[in-house]
Amino acid sequence: MARSNSNTSQGPFGQPNRVRLVNQFLGLRTIDPANAWKDVYRLLLWIDTRTGIAHCYESDKSQPGKPWYPRSLEFHEWVSDQLGIAPMDLKDHVDWMFRQVVGAVTEAEADEMIANALGVQESLFAGNRKKMPVPGDDPRLREIVEPLMSLSPSERLDEDGINSVLRKVYAHMSSENKRANLLGRGFEDVLDGVIRRLPAPPEHHGAQTVLETIPGFRPTRDGDKVEKVDLWVGDGERRRIMISAKWSVRADREKQMATDFQTYNQMNDWRDPFEYVWITNEFDPARLVTNATNTQNNSLLFDKVVHICPAALGVVHRFGDGARLGRNPARLQELLAEQRIIGLDAFLRDISSGG
DNA sequence: TGGCGTCTTTACTGGCCAAA
DNA sequence: TTTGGCCAGTAAAGACGCCA
């Protein structure tokens, strides 16, 4: 999609590279809606570095001794089984998109950082032979790491070698911070890539689409902010589905989705209503229930809530084992049974042309 | 006037923590 | 144990000033 700004990013996290990666992974094949969730997880699901198991909830609540640790373990085992992978090897078969981007970036960033620092030091202290500290040489981290690398005096790394290891450790730790950005925009690109490869794809679809380019939405007034929608689908006639794609939510983002709906509503020029759908991989039952039952102007905000993998919700919240469920998990189970919350497979079948 | 660089704003996420 | 809300880090987009 053309952008209005000249400084379009061509970086590893930018839209062109994300789309390239999605196309590289999905290739030319047709995607069966029933298996689409597997591609989404292979591309985007990741392993919590502190527990070594698949991430389905906030890290602090998923540590050993916390309530979400056993749930995360069961999720990890179930996903591994479904993908036909040993649980120990799952890490090598998910998180593909992030691994592609970060593997090359972190080392390059670490090297660039040290080169810049040495350049500045040289410009300030040319001729001064005193050695100055370099970025990443954390004394406490060094105390931990250095003994592990010192097998014997003859094998011991020199100073530059140790600093190189420390920088790479830091680069790795900070790389996790980049995931949020890639996940947010990448989720939209992955879903659009899946939709494109359906056996009977819808007439229109797109990610990060300017609202006024979608049939039935009027242009923004001069000076107003250009409004975009995460993802949209159209049947080429009167049906338009506006999609909010959020991998997970917090309470503050729930308000944002209602605000977005109001914006779309104000800009809708047709008498025909548009549909509003939330696609998510959220596992928190309260957040799912809240958004699936949220109302706006005396009607439900979302026409549908779509979860990437409802079967995984059942595993995590133990819908099948007969135990008494808590209030929110019980309500979540009802909403799934009522098809107020549906799976990605059902949604993809619904939007398929002729579907 | 248009190109360019820099700064600011917006939107995305998970982590985290206090309160319920 | 859950819930609500804020924060940090990131990229993209927009705003703005400078200069040829």
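By convention in this document, chain letters (A, B, ...) are assigned in the order of the sequence lines, proteins followed by strands, and residues within each chain are numbered from 1.
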Completion exercise
Only residue of A/Arg239, A/Arg238, A/Arg240, A/Lys304 satisfying salt bridge (charged side-chain N to carboxylate O under 4.0 Å, His left out) with A/Glu275 is A/Arg239
Practice task
Give the ring-plane orientation class for A/Phe187 versus A/Trp247, where under 30° counts as parallel, over 60° as perpendicular and anything between as tilted.
Solution key: perpendicular
Practice task
Examine A/Val19 and A/Val190 and state if one hydrophobic cluster contains both, with Ile, Leu, Val, Met, Phe, Trp and Tyr joined whenever side-chain heavy atoms are less than 4.5 Å apart.
Solution key: no
Handout entry: Mutual orientation of the aromatic rings belonging to A/Trp78 and A/Trp37 [parallel < 30°, tilted 30-60°, perpendicular > 60°]
Key = parallel
Handout entry: Any A/Lys246 side-chain nitrogen or oxygen under 4.0 Å from OP1 or OP2 of B/dC12
Key = yes
Practice task
Measure up the A/Phe217 and A/Phe274 rings against each other and bin them: parallel (under 30°), tilted (30 to 60°), perpendicular (over 60°).
Solution key: tilted
Fill in the blank from the handout: note: A/Arg253, atom CZ; C/dT3, atom C1'; distance rounded to Å ~ 14 Å
Handout entry: Single-linkage hydrophobic cluster, 4.5 Å side-chain cutoff, A/Leu73 and A/Phe75 together
Key = no
Handout entry: Selection from B/dG15, B/dT13, B/dC16 that lies nearest to any side-chain heavy atom of A/Ser59
Key = B/dG15
Completion exercise
Of the listed C/dT3, B/dA11, B/dC16, the closest approach to the A/Arg185 side chain comes from B/dA11
Handout entry: Check: A/Tyr276 ring centre within less than 6.0 Å of A/Phe302 ring centre
Key = yes
Exercise for the section: Using only heavy-atom distances, decide whether a donor-acceptor pair under 3.5 angstrom links the side-chain of A/Arg250 to the base of B/dG15. Expected result: yes
Exercise for the section: Tell me which residues in residues 281-295 of chain A put a heavy atom below 4.0 Å from DNA chain C, sorted by number, or none. Expected result: A/Asp284, A/Ala286
Problem - C/dG9 phosphate, OP1 or OP2, under 4.0 Å from A/Lys178 side-chain N/O - result: no
Handout entry: Side chain of A/Ala180 (C-beta onward), nearest among C/dG4, B/dC16, C/dG9
Key = C/dG9
Problem - Protein-nucleotide distance (A/Asp60, atom CG; C/dC7, atom P), rounded to Å - result: 17 Å
Handout entry: A/Phe283-A/His307 aromatic ring centre distance below 6.0 Å
Key = yes
Practice task
For the residue pair A/Arg327 and A/Val289, establish whether any side-chain heavy-atom pair is separated by less than 4.5 Å.
Solution key: no
Practice task
Measure from CD on A/Glu188 to C1' on B/dC12 and round the result to the nearest Å.
Solution key: 8 Å
Practice task
Mind listing the residues from residues 254-263 of chain A sitting with a heavy atom below 4.0 Å of DNA chain C? Number order is fine.
Solution key: A/Lys255
Problem - Gap between atoms CG and P, on A/Leu332 and C/dT3 respectively (whole Å) - result: 12 Å
Handout entry: A/Leu348 and A/Ile195, any side-chain heavy atoms less than 4.5 Å apart
Key = yes
Handout entry: Residue A/Glu58, side-chain atoms from C-beta onward, closest of B/dC12, B/dC16, C/dC6
Key = B/dC16
Fill in the blank from the handout: Between CG of A/Asp189 and C1' of C/dA12 the distance, given in whole Å, is 13 Å
Exercise for the section: Determine: side-chain N/O of A/Asn181 to OP1/OP2 of C/dA8, distance under 4.0 Å, yes or no. Expected result: no
Exercise for the section: State whether a side-chain donor-acceptor pair under 3.5 Å links A/Asp252 with A/Gln256. Expected result: no
Handout entry: Listed nucleotide nearest any side-chain atom of A/Asp252, set C/dT2, C/dC7, B/dG15
Key = C/dC7
Exercise for the section: Measure from CE on A/Met97 to C1' on B/dC12 and round the result to the nearest Å. Expected result: 13 Å
Handout entry: Out of B/dG15, C/dG14, C/dG5, whichever nucleotide has its closest atom nearest the side chain of A/Val226
Key = C/dG14
Handout entry: Partner of A/Asp95 by side chain to side chain donor-acceptor pair (under 3.5 Å), out of A/Arg42, A/Arg179, A/Gln100
Key = A/Arg179
Exercise for the section: Identify whether any heavy atom of A/Arg179 sits under 4.0 Å from a base atom; if not, whether one sits that close to sugar-phosphate; answer base, sugar-phosphate or nothing. Expected result: nothing
Completion exercise
To the nearest angstrom, the CD-P distance between A/Gln208 and B/dT10 comes to 16 Å
Practice task
For atom CD of A/Gln339, decide whether the heavy atoms of other residues, nucleotides or ligands shown that lie under 6.0 angstrom number more than 12.
Solution key: no
Completion exercise
From CG of A/Asn17 across to P of C/dT10 the rounded distance in Å is 17 Å
Practice task
Check each residue of residues 45-52 of chain A for a non-hydrogen atom within less than 4.0 Å of any atom in DNA chain B, then write out the ones that pass by number, or none.
Solution key: A/Trp46, A/Arg50
